[in-house]
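This structure is a prediction, so every number in the text was calculated from the model and none was measured. Below, chain A is the first sequence line, B the second, and so on; all start at residue 1.
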Amino acid sequence: MALKKAAKKTSAAAVPPQLLWKRDGADFLVTNDFGHYSWLKKKDFDSLLACKVGESHPLFAALSAKGFVRDRLDFDGLAAKWRKKNAYLNTGPGLHILVLTLRCNHKCLYCQAAAGGAAAKDTDMTPATARKCVDFAFNSSNPGITIEFQGGEPLLNWPALTAAVKHARARAKTAGKELKLALVSNFSLMTEEKARFLMENEVSVCTSLDGPADLHNKNRCFSGGNSHAVTLKWLKYFQKKNEAQADGYRVFKPSALLTVSRYSLSRHKEIIDEYVAAGLEDIFIRPLAPIGYARNLWGSIGYEAKDFAAFYLKSLAYILKLNRSGVVIREKMAAMMLDKIVNSRDPGYLDARCPCGAAIGQIAYNYNGDLYTCDEGRMVGWEGDDVFKVGSVFKDSYAKVMASAPTRACVVSSNLEAQPDCARCVYKPYCGVCPVYNYEVQGSLWGDMSSSDRCGLFKGIFGALFALLKKPGNEATLKKWVDK
Amino acid sequence: MRNIKNKTVLVKVPLADYDLDTVRYAAHAVSRAAHVFIKLDGRSAAAVEFTPTGPVSGKAVAASFRAELADEKLRAAIYAANRELRDFMILKALSKEETPPQAPQDDSGLTPEQEKELDALIAQVESEIKQEASAGASKDPLGITRTWEDKYGAKKSRKKN
Amino acid sequence: MSKTAKKEGGLVLDAAVYSGEALRLAAFVFSDKAEITLKQGKGVFEVYFEGAGPEFSPGDYLNEALNQQCRLDLAGKNSKAAGMIATRALLSAAGNAGKKA
């Protein structure tokens with residue numbers, strides 16, 4: 001029988017429990033380590049700080065249930081909530097990104113991957129290396145793993161892809177792990193035969209869709225044709241197959257990612273309308289990061305955090321407007337953050353967790369078997385700096401990789417409890433830092449959040465979400481996004 | 001506050017009111033908008049210089065710094081008062097093994113004190129049963145044929161809250 | 001920067017405000033932009049900059065030193081909580097492999 005256990009009253013002046021806060025106009029947003037939040041008027045915030053939220057206070061029930069009243073703390077309940085929210089601390093890397101080739105037949109403006117031309121076959125992963133990577137992935141301490149095929153353009157290396165898929169499915173039968181397979185592709189090289197292989201082996205597919213044709217094709221240059229047209233063609237193909245389903249295997253809905261360049265900033269409605277018209281129910285509005293190749297072009301394609309925040313808020317508001325008129329579309333980043341905020345659930349978003357997912361949540365396998373903390377770390381390696389290299393599938397054991405210096409350094413430097421700004425930030429329960437970004441942009445794994453654009457960006461996103469959650473109508477719609 | 005040059009603004013902070021950690025963090029928190037330099041002004045004050053690096057004026061940076069000082073002082077006090085509790089909660093959360101959900105247990109409707117009393121009673125009964133059994137074999141060594149009332153008298157009422 | 005705090009070619013910083021560790025860490029962060037040397041005096045540190053390119057500013061160095069100092073200040077108070085989380089994350093990732101190691 002679980003009872004609320006009262007904390008001992010100290011003989012010192014009463015203090016509230018640990019809480020974080022931010023002033024927003026006349027209101028205050030308060031959060032705590034357990035992921036609870038509350039919007040308060042100033043007088044109620046002052047009462048909370050003065051420990052004057054007694055049983056007769058109108059907000060007593062709500063605030064005490066959320067752990068904001070010190071002598072009503074439910075230790076067991078709050079600990080369970082913290083545990084649930086941080087469940088990823090109990091497992092190892094779940095995402096394994098196999099970079100099958102650095103070759104690509106697109107020249108996307110913002111490509112961080114420093115893709116090579118389609119002829120550069122010396123940057124292809126061999127089938128033997130692919131199988132070795134799969135074996136390494138199955139060493140993970142995570143009971144469920146996702147192997148994601150990326151590039152360059154992974155369809156340029158079909159032999160390695162098929163070898164990895166077959167080997168992974170065979171290993172999954174005896175490994176006692178749940179296996180998911182995913183492909184990130186520009187679809188330009190998709191054929192019916194390849195699609196059939198992917199579906200029969202339950203490989204989910206994801207592509208990029210940057211908006212209407214002129215915008216998409218401006219961002220994603222394809223000399224072999226119309227990138228936008230071929231993307232839509234195969235999206236529709238996989239959607240039809242998903243609706244029809246098949247005997248013996250599941251066909252997953254295809255998904256798409258949006259990368260916001262400077263050219264996107266004034267066109268949020270058109271972009272979202274394009275997703276709706278394409279039959280997509282999720283849009284993942286991803287900001288550009290000045291990492292790898294994109295760093296060199298930042299002057300022409302980049303933007304400030306405040307510009308992205310404005311774009312993001314307008315996009316969210318438009319999506320909610322569409323929802324109210326019955327259109328099913330939700331923003332993926334918001335949905336993941338809301339899952340944390342509303343459900344205290346870990347959505348598996350490796351960029352926004354403490355510590356970040358570098359090595360302990362994901363591993364990037366380069367075409368030659370070199371292992372990196374993440375795909376961004378691999379891109380830094382491609383530029384000649386192996387600070388984020390954690391080992392090699394040919395030389396290093398799983399244990400050695402998990403204990404490697406870059407792994408430990410990323411864990412320590414992305415621990416929000418050790419970051420001076422994050423430890424005090426109202427969004428700390430839901431956020432995360434990226435040591436790779438910090439290193440590339442600010443010169444150290446720790447970075448300096450007070451002047452970090454990435455921090456500014458995330459604050460903008462959280463600010464937008466919490467502002468929307470303040471309004472009951474929006475709150476109900478947003479919570480539906482994460483009802484499961 | 002005084003302007004040293006056109007741009008740089010100096011703010012003196014009494015260390016009797018704010019400790020150095022607080023001054024440092026508050027200055028750091030506004031450092032996106034300015035270059036910050038801190039030195040001690042004797043033993044009783046810290047002198048903080050802000051040289052704006054962007055469109056925000058030195059005056060505005062200084063105002064933000066003062067607001068941050070007040071916030072940080074409060075945060076530090078709350079943090080210090082809760083540190084042990086917080087460490088305990090994190091340790092508690094990390095220590096517990098995840099177990100599969102169990103079937104809901106019947107609620108006896110008793111308070112913890114009453115549950116303890118009942119447990120003690122049961123333990124006493126079990127002890128007496130063992131004593132009787134060890135005293136010698138009988139036709140009914142466990143007293144199965146004897147009623148509860150025969151053994152222990154009438155039921156005690158258990159008050160519910 | 002006030003004249004009293006400047007020494008020719010460098011800065012004079014209160015050791016009570018900026019620890020040597022914070023200054024050294026900040027110097028490392030800027031090691032690709034300038035050669036930064038530290039000299040400890042009585043109650044002060046003298047910081048000298050050489051070979052600095054146009055993109056380098058002593059003010060940026062000071063902000064980074066303050067950033068590092070704040071991080072060290074926090075570590076002094078929060079190391080237990082931070083350590084528990086980091087340890088758990090690394091041990092879980094290592095899993096059985098970690099136990100064998």
Side-chain angles (χ1 to χ4, degrees), chain B residues 2-5 7-10 13 15 19-43 45-54 65 68 72 75-76 79-98, chain C residues 1-7 10-19 21-23 25-26 29-30 41-47 49 55-92:
Chain B
R2 65 188 166 93
N3 288 325
I4 297 169
K5 297 173 185 175
K7 288 167 74 178
T8 299
V9 165
L10 174 71
V13 183
L15 291 174
D19 64 30
L20 208 42
D21 279 9
T22 300
V23 174
R24 281 195 285 244
Y25 180 75
H28 164 73
V30 301
S31 61
R32 188 185 180 100
H35 286 149
V36 180
F37 177 65
I38 307 174
K39 62 184 171 78
L40 293 180
D41 188 9
R43 287 186 178 184
V48 189
E49 287 179 14
F50 298 103
T51 306
T53 52
F65 168 66
E68 196 62 49
E72 177 58 16
R75 260 195 303 259
Y79 181 80
N82 283 287
R83 191 173 76 168
E84 280 185 24
L85 179 58
R86 197 167 170 265
D87 287 347
F88 164 74
M89 288 301 293
I90 292 173
L91 184 61
K92 183 180 172 68
L94 287 172
S95 301
K96 191 171 158 75
E97 290 290 330
E98 288 300 320
Chain C
M1 202 79 52
S2 70
K3 284 182 185 173
T4 52
K6 256 194 207 165
K7 189 169 177 172
L11 298 170
V12 178
L13 308 177
D14 256 309
V17 178
Y18 301 91
S19 67
E21 190 177 352
L23 294 173
L25 287 165
V29 172
F30 283 91
K42 194 175 175 185
V44 297
F45 285 100
E46 294 167 20
V47 187
F49 308 103
E55 72 276 6
F56 174 77
S57 148
D60 288 340
Y61 170 78
L62 283 174
N63 278 4
E64 181 61 38
L66 185 57
N67 174 41
Q68 294 292 342
Q69 187 58 56
C70 288
R71 189 171 64 75
L72 295 169
D73 292 343
L74 180 65
K77 296 168 193 162
N78 209 20
S79 56
K80 190 171 178 186
M84 284 193 282
I85 291 168
T87 303
R88 180 51 171 259
L90 286 165
L91 287 177
S92 295

>> Can you give me the closest heavy-atom contact between B/His35 and C/Ser57, atom names plus distance?
In response: CE1-OG, 3.2 Å
>> Looking at every non-hydrogen atom in both residues, tell me the closest pair between C/Val12 and B/Phe37 and how far apart they are.
In response: O-CZ, 3.7 Å
>> Donor-acceptor check, side chain of C/Asn63 to backbone of B/Ala34, threshold 3.5 angstrom: yes or no?
In response: yes
>> Quick check on the interface: out of B/Ile90, B/Leu20, B/Ile38, B/Val23, who has the most heavy-atom pairs with chain C under 4.5 Å?
In response: B/Ile38
>> Can you give me the closest heavy-atom contact between C/Lys80 and B/Asp87, atom names plus distance?
In response: CD-OD2, 3.6 Å
>> Quick check on C/Glu55: does its CD atom have over 12 non-hydrogen neighbours (other residues, nucleotides or ligands) under 6.0 Å away?
In response: yes
> Under 4.5 Å between any side-chain heavy atoms of C/Leu74 and B/Tyr25, yes or no?
Replying inline: no
> When rounded to the nearest 0.5 angstrom, what distance separates CG in B/Asp21 from CG in C/Leu72?
Replying inline: 10.5 Å
>> I need the B/Ser31 OG to C/Glu64 CD distance, nearest 0.5 Å.
In response: 9.5 Å
> Can you name the closest pair of heavy atoms from B/Arg86 and C/Ala81 and give their distance?
Replying inline: NH1-CB, 4.0 Å
> So, B/Arg24 side chain and C/Leu66 main chain: donor-acceptor pair closer than 3.5 Å or not?
Replying inline: no
> C/Val44, C/Asn67, C/Asp73, C/Asp14: which one forms the most heavy-atom pairs within less than 4.5 Å of chain B?
Replying inline: C/Asp73
> chain C: which of B/Leu91, B/Thr53, B/Val36 shares the most heavy-atom pairs with it under 4.5 Å?
Replying inline: B/Val36
